[in-house]
Protein chains: 2
Amino acid sequence: MRETTGGTRQRIQAVALELFTEHGYEKTSLREIAERLGVTKAALYYHFKSKDEIVTSLVDDRLRRMDELIAWAADQPPTLATRRALISRYADSMFAGDLPQVMRFFEQNQTVLKSLVAGQQMRNRMMRLAHELCRGDESPAAQLRAALTLFAVHSSWFAVRAPGITDDERKRIALQVADELLAKIGENGQG
Amino acid sequence: MRETTGGTRQRIQAVALELFTEHGYEKTSLREIAERLGVTKAALYYHFKSKDEIVTSLVDDRLRRMDELIAWAADQPPTLATRRALISRYADSMFAGDLPQVMRFFEQNQTVLKSLVAGQQMRNRMMRLAHELCRGDESPAAQLRAALTLFAVHSSWFAVRAPGITDDERKRIALQVADELLAKIGENGQG
DNA sequence: GTCTATAATGTGATAGAC
DNA sequence: GTCTATCACATTATAGAC
């Protein structure tokens, strides 16, 4: 619709994401990306005006979804049911398409991504999401539990080593553990 | 004892760790480290024979402590009491000296550190530690809970935003949440 | 133990032909 | 839409003076 390219832009994104995730953003050079695609660096610069614009293009769609999610949550009452629905929706969007890999890339390159606008935006959205997850209980323990809930969804991809496990099972387990953590938010007594 | 230097080696380590953590390993140049110390790059090469040897020197002491911890755990019975003692000891060593910063550096630069021996070793120790934390219950949920337990200790440093909170309080909260997660390991019925 | 100087290489990015 | 050629610069690392 908007490009006459035969998917070259998408192929660049796919290869870049793979290399960024595998070797890190800084360590992956444009030459490496171009070589793997069988094109030249100049070809890359036709589609993206800089290296970090590739990251931006990768993250943009994810950012939109997170914004929708945060806006939705802000409109709900701060109850356990809302928190559970929020993490469930988040998991749904995490386990779709290549977004898990985008999140893995983001999580394992946080320091470097601090200097990129796209990285700062992702960071900001994660913090706001965590904030929504413990709305009504700003105690330190609640904040920690909220953060762990998000991490549970992310890490179910690599922390769980089981032969033949399906994506749906990973998601189910992540949500099970997340629900237990969320249930403790709002119980203001500690200990 | 082994160096006649007036702590230059230590000063290099301190500045390198700070910059690696702040900007990332790849993005931090030796020139930058040398400049901040008021010496030249060549001076760095007198103390460390390469850039990644600085990382090695930073991680070595941490690796030793983790090895001790893993060996200790392997000698204990696989009970809840052992798991709790293990995470408590881990937290103690985490909250001492500049080790928290080393762990933060490690966690936020994982992808890049994969290509460094020191990084692979740290990764290996973390996995073994997680394994010890769920020994006797290798179910996916248990694996996830064990990983989250470690992350609870690490993330209590940045996930909890509270004015004037002390290190001891952070540790206490991390262990409280960790204990709850560990208590669910070994209950083989899954809700 | 720290310096100057420099080698050798790789990087992101641009200009302009086709 | 992709190419060749090249720029300007930063990088790790080394050699050798002091």
Side-chain angles (χ1 to χ4, degrees), chain A residues 1-59 105 109 111-119, chain B residues 1-59 105 109 111-119:
Chain A
M1 208 54 119
R2 91 171 58 157
E3 301 283 343
T4 64
T5 314
T8 304
R9 194 186 148 92
Q10 282 79 356
R11 289 175 61 227
I12 294 172
Q13 288 177 317
V15 168
L17 177 56
E18 190 183 327
L19 290 175
F20 288 164
T21 310
E22 198 166 346
H23 305 135
Y25 174 73
E26 287 286 338
K27 200 162 188 175
T28 302
S29 65
L30 296 180
R31 178 189 53 74
E32 205 178 347
I33 297 171
E35 268 175 15
R36 185 173 291 204
L37 279 167
V39 298
T40 61
K41 277 195 294 177
L44 265 50
Y45 276 100
Y46 172 79
H47 293 281
F48 300 95
K49 75 170 198 289
S50 69
K51 189 184 180 183
D52 74 59
E53 215 205 61
I54 301 180
V55 174
T56 303
S57 79
L58 252 19
V59 161
F105 160 60
N109 287 272
T111 312
V112 165
L113 290 181
K114 272 198 289 195
S115 56
L116 268 54
V117 180
Chain B
M1 208 59 117
R2 91 168 61 153
E3 301 284 341
T4 63
T5 311
T8 304
R9 194 185 147 93
Q10 282 80 354
R11 288 175 62 229
I12 294 172
Q13 288 178 315
V15 168
L17 177 57
E18 190 182 327
L19 290 175
F20 288 164
T21 309
E22 197 165 347
H23 306 135
Y25 175 74
E26 287 286 339
K27 200 161 187 175
T28 302
S29 67
L30 297 180
R31 179 190 51 75
E32 205 178 348
I33 297 171
E35 268 176 15
R36 186 172 291 202
L37 277 166
V39 299
T40 62
K41 281 192 291 177
L44 264 50
Y45 276 100
Y46 172 80
H47 293 281
F48 301 95
K49 74 171 197 291
S50 68
K51 189 183 179 183
D52 72 59
E53 215 203 64
I54 300 180
V55 174
T56 303
S57 79
L58 251 19
V59 161
F105 160 60
N109 289 272
T111 311
V112 163
L113 290 180
K114 273 199 288 196
S115 57
L116 269 55
V117 180

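Just so we're on the same page: letters track the sequence lines, and every chain starts at 1.
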Heavy atoms, side chains only, cut-off 4.5 Å: are A:T56 and A:V117 in contact?
no
Please identify each residue that fulfils salt bridge (Lys or Arg N to Asp or Glu O under 4.0 Å) with A:E32, with sequence neighbours left out.
none
Whole Å only: how far is the CD1 atom of B:I12 from the C1' atom of C:dT2?
11 Å
Output the rounded distance in Å from OH (A:Y46) to P (C:dT14).
16 Å
Round to a whole Å and report the spacing from CG of B:L44 to C1' of D:dA13.
12 Å
Does B:T8 make a side-chain N or O approach to OP1 or OP2 of C:dT2 shorter than 4.0 Å?
yes
Once side chain to side chain contact (heavy atoms under 4.5 Å, CB included) is applied, do any residues pair with A:Q13, and if so which ones, sequence neighbours excluded?
A:R9, A:Q10, A:F48, A:S57, A:L58
Rounded to whole Å, the OH-P distance (A:Y45 to C:dA15) equals 12 Å
Can you sort out the partners of A:K49 under side chain to side chain contact (heavy atoms under 4.5 Å, CB included), two or more places apart, ordered by chain and number?
A:E53
If a pair satisfies salt bridge (Lys or Arg N to Asp or Glu O under 4.0 Å) and one of its residues is in residues 33-45 of chain A, list it, with sequence neighbours excluded.
A:E18-A:R36, A:R31-A:E35
How many whole angstroms separate atom CG of A:L37 from atom C1' of D:dG1?
14 Å
Interface polar pairs with nucleotides 3-7 of chain D, N/O, under 3.5 angstrom:
residue, atom, partner, partner atom, Å
D:dC3, OP2, A:T40, N, 2.8
D:dC3, OP2, A:T40, OG1, 3.1

Which of these, B:N109, B:I33, B:V15, sits in a side-chain contact (heavy atoms from CB on, under 4.5 Å) with B:F20?
B:I33
Between C1' on C:dG12 and CD on A:E53, what's the gap in Å once rounded to a whole number?
14 Å
A:F48 CZ to C:dG12 P, straight-line distance once rounded to whole Å:
15 Å
Just to verify, what does A:V112 make a side chain to side chain contact (heavy atoms under 4.5 Å, CB included) with, not counting sequence neighbours?
A:Y25, A:E26
Could I get the full list of side chain to side chain contact (heavy atoms under 4.5 Å, CB included) partners for A:A43, not counting sequence neighbours?
A:V39, A:T40
Tell me: CZ of A:R9 to C1' of D:dT2, nearest whole Å?
17 Å
Residues in contact with DNA chain D, drawn from residues 15-36 of chain B - heavy-atom cutoff 4.0 Å
B:T28, B:S29, B:L30, B:R31
Can you list everything that forms a salt bridge (Lys or Arg N to Asp or Glu O under 4.0 Å) with B:E22? Sequence neighbours excluded, please.
none
